[in-house]
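Each chain gets a letter, A, B and so on, in the order the sequences are listed, and its residues count up from 1.
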Number of protein chains: 2
Amino acid sequence: MDDEPDEAVLEGADSLCRRLGVRLTPQRRRVLAILRASDRPLGAYEILEAMRDGARALAPPTVYRALDFLVEQGLAHKLESLHAFVGCTHPDHPHSSQFLICADCGLVTELENDAIARSLKSAASESGFEPRRPVVELIGTCAACSVKEGPR
Amino acid sequence: MDDEPDEAVLEGADSLCRRLGVRLTPQRRRVLAILRASDRPLGAYEILEAMRDGARALAPPTVYRALDFLVEQGLAHKLESLHAFVGCTHPDHPHSSQFLICADCGLVTELENDAIARSLKSAASESGFEPRRPVVELIGTCAACSVKEGPR
DNA sequence: CGCGATCCGGTAACAGTATAACGTAAACCG
DNA sequence: CGGTTTACGTTATACTGTTACCGGATCGCG
Ligand SMILES: [Zn+2]
Ligand SMILES: [Zn+2]
Ligand SMILES: [Zn+2]
Ligand SMILES: [Zn+2]
């Protein structure tokens with residue numbers, strides 16, 4: 001866990017939402033804070049668990065709605081291959097990113113690689129296809145884990 | 001639906017499995033036939049439904065096991081963003097492919113684009129990451145649907 | 001052929017992920 | 001202020017995927 005206050009990022013999110021004319025409500029801000037405080041992707045039900053106030057438990061739609069909002073604004077991303085969510089590492093501008101997912105330790109790295117984006121776009125337009133939401137997730141072994149386990 | 005017998009493809013699958021030393025049992029062959037006969041991705045429970053013999057219903061593990069096998073041998077692919085499966089359009093050689101998924105009509109096109117594969121590999125290795133299972137799914141609008149609905 | 005090892009598939013129960021539908025309250029805008 | 005939109009709490013339910021256990025088919029080999 002990164003237990004830095006992380007307030008700077010959240011204020012950045014505040015101002016981004018003001019620019020976009022949407023509301024970063026306390027509920028949504030809280031979900032974003034939970035994502036940002038985690039060093040790994042979280043499932044919706046893990047977030048739900050993290051949000052519980054003692055005996056008081058929320059229901060799934062609450063967290064799914066907040067997640068829908070955050071993903072829509074680019075403040076978080078959904079990892080389709082994991083059924084899990086991560087906070088965006090650079091939410092200031094619209095972007096389509098790519099993810100490196102270590103199957104061994106769970107580490108996830110968000111890339112924003114122009115060469116990939118271009119090759120996707122050009123392959124799509126060869127087919128007359130207009131991409132709107134690219135899903136690019138490479139599942140494999142991160143550098144640290146490659147060293148740990150050595151060449152198989 | 002493509003209601004061609006499609007027997008040629010299934011025999012191709014037979015011989016591929018013989019080469020690989022694995023068994024394309026009647027059950028697995030049947031699931032593959034259902035996938036190949038569909039013009040769109042099918043969910044596991046849709047396949048289950050398609051396999052039922054009158055009153056006789058199968059249970060989920062049966063179809064999931066067959067799907068695991070087919071995906072492992074490269075005879076079918078899983079579309080993570082849809083929780084659905086498609087038969088591979090060119091299963092004769094090992095490959096990592098990319099998918100264009102029309103959000104409007106459901107059309108799915110499997111690409112095998114070298115430029116994309118290279119850009120992914122090179123971006124990964126810059127991070128010391130060793131990709132094993134690439135997930136590349138572009139969700140958007142296909143050529144036909146772009147024409148139908150016109151430029152938004 | 002006899003026999004153990006392995007693979008395959010039927011079955012029941014369940015775990016995990018996501019949404020529908022409905023109502024209330026708060027925020028926004030004229 | 002009144003009307004509209006947006007957010008959120010709640011219940012129930014749908015959809016997706018897995019665990020565990022067992023019987024039977026198939027394979028390898030003496
Ligand atoms: Zn991002
Ligand atoms: Zn790792
Ligand atoms: Zn393929
Ligand atoms: Zn289309």
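Closest approach to the B:Tyr64 side chain among C:dC28, D:dT11, D:dG17 is made by D:dG17 (side chain taken as heavy atoms from C-beta onward). Checking C:dT11, D:dG9, D:dT11 against every side-chain atom of B:Pro61, the shortest atom distance belongs to C:dT11. Nearest to the side-chain atoms of B:Ala59 among the listed nucleotides D:dG9, C:dA18, C:dT11 stands C:dT11. With distances taken from any side-chain atom of A:Arg56 to the nucleotides C:dC8, C:dG10, D:dT10, the minimum falls on D:dT10.
The backbone N or O of B:Ser122 lies less than 3.5 Å from a partner atom in the side chain of B:Ser125, making a donor-acceptor pair. At least one donor-acceptor pair closer than 3.5 Å links the side chain of B:Arg30 to the backbone N or O of B:Met51.
Atom CD of B:Glu49 is separated from atom P of D:dT16 by 13 Å (rounded to the nearest Å). Atom C1' of nucleotide D:dT11 and atom CG of A:Leu58 are separated by 14 Å, given to the nearest angstrom. As rounded to whole Å, 14 Å separates atom C1' of C:dC7 from atom CD of B:Gln73. If you measure from atom CD of A:Gln27 to atom P of D:dT6, you get 18 Å, rounded to the nearest angstrom. Remark: P of C:dA26 and CZ of A:Arg23 are 12 Å apart, rounded to the nearest angstrom. Taking atom CG of A:Leu70 as the reference point, atom P of D:dC8 lies 10 Å away to the nearest angstrom. Rounded to whole Å, atom P of C:dT17 lies 10 Å from atom CZ of A:Phe85. Taking atom CE on B:Met51 and atom P on C:dT11, their separation rounds to 12 Å, with Å as the unit.
Within the structure, every side-chain polar atom (N or O) of A:Arg30 is placed at least 4.0 Å from both OP1 and OP2 of D:dC8. Regarding contacts with the backbone of D:dG17, a side-chain N or O of B:His83 is found under 4.0 angstrom from either OP1 or OP2. Contact check, B:Arg28 against C:dG9: a side-chain N or O comes under 4.0 Å of OP1 or OP2. A close approach under 4.0 Å does not occur between any side-chain nitrogen or oxygen of A:Lys78 and OP1 or OP2 of C:dT17.
Ion pairing between B:Glu46 and B:Arg40 holds under the 4.0 Å rule for side-chain N and carboxylate O. Between B:Arg133 and B:Glu80 there is a salt bridge, since at least one side-chain N of the basic residue sits less than 4.0 Å from a carboxylate O of the acidic one. For the pair B:Lys148 and B:Asp104, the salt-bridge criterion is not met [side-chain N within less than 4.0 Å of a carboxylate O].
Nearest-nucleotide mapping onto DNA chain D: of A:Thr62 and B:Ala44, the residue sitting toward the 5' end is A:Thr62. Where B:Pro60 and B:Val22 meet DNA chain C, the nucleotide closest to each residue was compared, and B:Val22 sits on the side nearer the 5' end.
Between the side chain of B:Tyr45 and the base of D:dG17, a donor-acceptor pair under 3.5 Å is found.
Heavy atoms of B:Thr25 sit under 4.0 angstrom from primed sugar atoms or phosphate atoms, though from no base atom. Contact annotation for A:Arg65: base contact, defined as any heavy-atom pair under 4.0 Å involving a base atom.
Counting only N and O atoms by type, the side chains of A:Glu137 and A:His77 include no donor and acceptor under 3.5 Å apart.
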